[in-house]
Amino acid sequence: MAVLKVKFTKTKRDKLAQILWILNWVSVVSGIILFSLGLFLKIEIKKRNEVMAKGDINSVPNMLISVGVIACIINFLGGKICYDCSDANKFSRWKLVMLPYIVCTFCFTFCILMGALMCYTMRNELEESLYLGLRDAIKFYKDTDIPGRCFLKKTVDMLQIGFQCCGNNGFRDWFEVQWVSARYLNMASKEVMDRLKSNVDGKFLVDGVPFSCCNPSSPRPCIQYQLTNNSAHYNYDFLTEELNIWVKGCREALLDYYTAIMRSIGIAALLIWLFELSVLTGVRYLQTAMKNVLLLGDLEGESDGWLLENSFVETAKYNINIIKNLGKANQISTVSGLNDPNIDVQNTNCGKNDVATKSIPEAS
């Protein structure tokens with residue numbers, strides 16, 4: 001029993017072929033969109049590569065770029081096939097190609113679905129990459145005179161200003177690292193030496209933050225140092241007063257930014273997947289309708305089209321049996337190799353049959 005069988009006249013077949021030809025060209029555009037979205041995401045990730053640890057965060061943009069390129073190629077070919085299907089004589093040269101094309105396109109649409117789902121499952125990997133990358137960037141913030149790290153101060157400052165954030169998890173992260181270079185510390189100062197000796201690692205730790213953590217919208221001049229010392233500032237209470245620095249951590253800010261982008265890309269990819277699936281359904285109907293009209297021999301008559309020639313259960317059993325038979329064929333070919341005359345060659349004795357073996361004399 002065919003699944004979702006539909007009867008097609010010649011007029012309906014021709015209209016279906018024309019509509020699918022147009023939709024395949026629309027699908028080419030959707031492939032370009034997927035490619036552009038993947039490229040955009042890859043560029044956005046690369047912009048802040050300095051504050052990200054190395055990992056598999058580029059898997060999603062690479063997947064979208066690859067799928068977009070394949071979509072353009074497959075749908076271009078599909079448009080050519082559907083255009084020729086309006087003529088039964090031209091369809092005959094595509095007859096053997098259409099079923100493999102449909103199978104490959106179905107696998108391709110599955111890749112689009114996987115790319116869409118990856119946009120929603122990438123958050124954990126991205127969060128870990130941002131945590132490790134920002135931790136190292138803050139740690140090396142002071143190394144402005146070391147090659148390979150001299151750019152980190154500007155990168156972190158521009159990041160905190162642009163995303164209105166401070167530190168990795170929050171502004172207190174700056175309390176745990178020495179973010180002022182030793183070249184700008186007066187070693188003759190007793191206060192500086194006391195701070196260096198106040199911790200085991202000998203670091204100059206202060207309860208302060210860089211200028212880029214300051215909130216310009218605050219009516220009060222920015223308090224960068226001695227943030228937790230109420231007596232150091234007039235009319236200031238650290239516990240009750242709203243700080244005039246950014247409280248939100250940069251990891252959270254960047255994670256929200258990239259999550260919003262990937263969520264939008266994921267929705268677009270899901271819509272493209274549904275569209276590609278509908279086009280593939282139409283191509284399957286066209287393929288079966290044209291195949292049946294050639295079998296009937298009446299090119300002007302009606303023909304049936306369907307998604308599956310048999311029920312879902314029968315189709316599944318048929319495909320499982322094919323896989324099982326392929327496995328058995330491999331086993332038979334392996335066993336038959338044991339009877340190969342080139343492998344089992346009978347050994348022949350040249351000369352006398354009974355040859356006395358010489359024994360080695362025992363040592364006396």
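In what follows, residues are counted from 1 in the order of the sequence shown.
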Exercise. Flag the pair R284 / T288 as yes when at least one side-chain heavy-atom distance between them is below 4.5 Å, and no otherwise.
Key: yes

Quiz item: Are I19 and L277 grouped together when hydrophobic residues (ILVMFWY) are joined by side-chain heavy atoms under 4.5 angstrom apart?
Solution: yes

Practice problem: Could you tell me whether the side chain of C250 reaches within less than 4.5 Å of the side chain of N168, counting heavy atoms only? | Solution: no

Exercise. Check whether I112 and L77 end up in the same hydrophobic cluster, where Ile, Leu, Val, Met, Phe, Trp and Tyr are linked by side-chain heavy atoms less than 4.5 Å apart.
Key: yes

Quiz item: Looking at F140, does the NZ or CZ of R149 lie under 6.0 angstrom from its six-membered ring centre and within 45 degrees of the ring axis?
Solution: yes

Exercise. Look at atom CZ of F151 and say whether more than 12 heavy atoms of other residues, nucleotides or ligands are closer to it than 6.0 Å.
Key: yes

Quiz item: Is it true that a side-chain atom of S129 and a backbone atom of E125 form a donor plus acceptor pair closer than 3.5 Å?
Solution: no

Quiz item: How many angstroms lie between atom CG of N49 and atom CD of E44, to the nearest 0.5 angstrom?
Solution: 12.5 Å

Quiz item: Which heavy-atom pair separates I65 from G38 by the least distance, and what is that distance?
Solution: CG1-C, 3.7 Å

Self-check item: Within one Ile-Leu-Val-Met-Phe-Trp-Tyr cluster: L99 and L280, side-chain cutoff 4.5 Å
Solution: no

Quiz item: How many angstroms lie between atom CG of N229 and atom OH of Y236, to the nearest 0.5 angstrom?
Solution: 9.0 Å

Quiz item: Would you call K153 and K142 a side-chain contact if the rule is heavy atoms closer than 4.5 Å?
Solution: no

Quiz prompt | Closest heavy-atom pair and its distance - C213, G167 | solution = SG-N, 4.5 Å

Quiz prompt | Option passing side-chain contact (heavy atoms from CB on, under 4.5 Å) with L134 (candidates L159, D173, V156) | solution = L159

Quiz prompt | K42, NZ atom: more than 12 neighbouring heavy atoms under 6.0 Å | solution = yes

Quiz item: So, do F35 and C72 sit near enough that their side-chain heavy atoms are less than 4.5 Å apart?
Solution: no

Quiz item: Under 3.5 Å, is there a donor-acceptor pair between the side chain of Q224 and the main chain of G208?
Solution: no

Quiz item: Knowing that exactly one of T109, N24, N75 qualifies, which makes a side chain to side chain donor-acceptor pair (under 3.5 Å) with E276?
Solution: N75

Self-check item: Value rounded to 0.5 Å, distance of CD1 in I265 from CD1 in I33
Solution: 12.0 Å

Practice problem: Keeping the roles fixed (side chain from S218, backbone from N215), state whether a donor-acceptor pair exists under 3.5 Å. | Solution: no

Self-check item: For A182 against M187, the heavy-atom pair lying closest together
Solution: O-CE, 4.2 Å

Practice problem: Answer whether the closest heavy-atom distance between the side chains of D143 and L152 falls below 4.5 Å. | Solution: no

Practice problem: Tell me whether I161 is reachable from V51 by hopping between hydrophobic residues (I, L, V, M, F, W, Y) whose side-chain heavy atoms are closer than 4.5 Å. | Solution: no

Quiz prompt | Y257 side chain near F163 side chain, heavy-atom distance below 4.5 Å | solution = yes

Exercise. In sequence, state the C-alpha distance, the side-chain angles, and the governing distance for Y258 and R48, and then conclude on side chain to side chain contact (heavy atoms under 4.5 Å, CB included).
Key: CA-CA 11 Å; Y258 283 112; R48 294 160 190 94; 3.5 Å; yes

Self-check item: Minimum-distance pair of heavy atoms, taken over all atoms of W246 and P216
Solution: CZ2-CD, 3.6 Å

Quiz item: Do Y225 and L185 share a hydrophobic cluster, counting only Ile, Leu, Val, Met, Phe, Trp and Tyr and linking them when any side-chain heavy atoms are less than 4.5 Å apart?
Solution: yes

Practice problem: I would like to know whether I245 and I223 meet side chain to side chain contact (heavy atoms under 4.5 Å, CB included); could you show each step before the answer? | Solution: CA-CA 8 Å; I245 60 173; I223 298 176; over 6 Å; no

Self-check item: Contact summary for L196 and K203, nearest pair of heavy atoms
Solution: CD2-C, 3.7 Å

Quiz item: Between Y141 and W174, is the ring centre distance below 6.0 Å?
Solution: yes

Self-check item: Stepwise side chain to side chain contact (heavy atoms under 4.5 Å, CB included) test for F211 and C222
Solution: CA-CA 8 Å; F211 78 97; C222 185; over 6 Å; no

Quiz item: Between M122 and V60, which heavy-atom pair has the shortest distance, and what is it?
Solution: SD-CG2, 3.4 Å

Quiz item: Roughly how far, to the nearest 0.5 Å, is the CD1 atom of I81 from the CE atom of M290?
Solution: 12.5 Å

Practice problem: Find the distance between CG (L64) and OG (S36) and round it off to the nearest 0.5 Å. | Solution: 11.0 Å

Quiz item: Can you find a pair of side-chain heavy atoms, one from S198 and one from L205, that are under 4.5 Å apart?
Solution: no

Quiz item: Hey, does the side chain of H233 reach the backbone of L227 with a donor-acceptor pair shorter than 3.5 angstrom?
Solution: no

Exercise. Go through K47 and I43 one step at a time and tell me if the side chain to side chain contact (heavy atoms under 4.5 Å, CB included) criterion holds.
Key: CA-CA 6 Å; K47 280 181 182 178; I43 292 173; 4.1 Å; yes

Self-check item: Atom pair SG/CD of C214 and Q160 - distance to nearest 0.5 Å
Solution: 10.0 Å

Quiz item: Would a 4.5 Å heavy-atom cut-off, applied to side chains only, mark K12 and K15 as touching?
Solution: no

Exercise. For residues F204 and W179, establish whether the separation of their ring centroids is below 6.0 Å.
Key: no

Quiz item: Around E128, counting heavy atoms of other residues, nucleotides and ligands shown, do more than 12 lie under 6.0 Å from its CD?
Solution: no

Self-check item: Enclosure of K248 NZ (heavy-atom neighbours >12, cutoff 6.0 Å)
Solution: yes

